[in-house]
Each structure stands twice: as structure tokens, then as C-alpha cells.
Amino acid sequence: MIIFIVFILLVGLAGIISNQYSALRRMERMQRSLDELNIRIQEMNHHPKP
């Protein structure tokens, strides 16, 4: 019975770690997109249209 409980805990821990990893990847992609937008906005501000 104790082995079963330890197994369930390990599976749960692996699931939590996997979710955290995928969330981190999503946040990195979002940060990259925001950085690109920021660069474009700065370029528009430095090169105003006549």
C-alpha cells in the first residue's frame, strides 16, 4: 500500500513539473512577442511618417 501511495505521489509530481515547464515555455514565447512589438513601436517613434 505504501508503494502505491509513493507511486501516485511521484506521478503527480511529474505532472506538476511538466505543467510548470510548459507554462515557462509559453511565458518565454509571450515575452519574445512583446519584445518584438516593443522594438516595432520604438522604430515607429524614431521614424515618424511625414
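Residues Glu28 and Arg25 are paired through a salt bridge, judged by an N-O separation under 4.0 Å between the basic side chain and the carboxylate.
Heavy-atom contacts from other residues, nucleotides or ligands closer than 6.0 Å to CD1 of Ile5 number more than 12.
The distance from the CZ atom of Arg32 to the CG atom of Leu34 is 11.5 Å, given to the nearest 0.5 Å. To the nearest 0.5 Å, atoms CD1 (Ile41) and NE2 (His46) are separated by 11.5 Å.
Each of Leu9, Ile8, Ile3, Ile2 was checked for a side chain to side chain contact (heavy atoms under 4.5 Å, CB included) with Val6, and the lone residue meeting it is Ile2.
Under the side-chain contact (heavy atoms from CB on, under 4.5 Å) criterion, Val11 pairs with Phe7, sequence neighbours left out. Partners of Gln31 under the side-chain contact (heavy atoms from CB on, under 4.5 Å) rule, at least two apart in sequence or in another chain, are Asp35.
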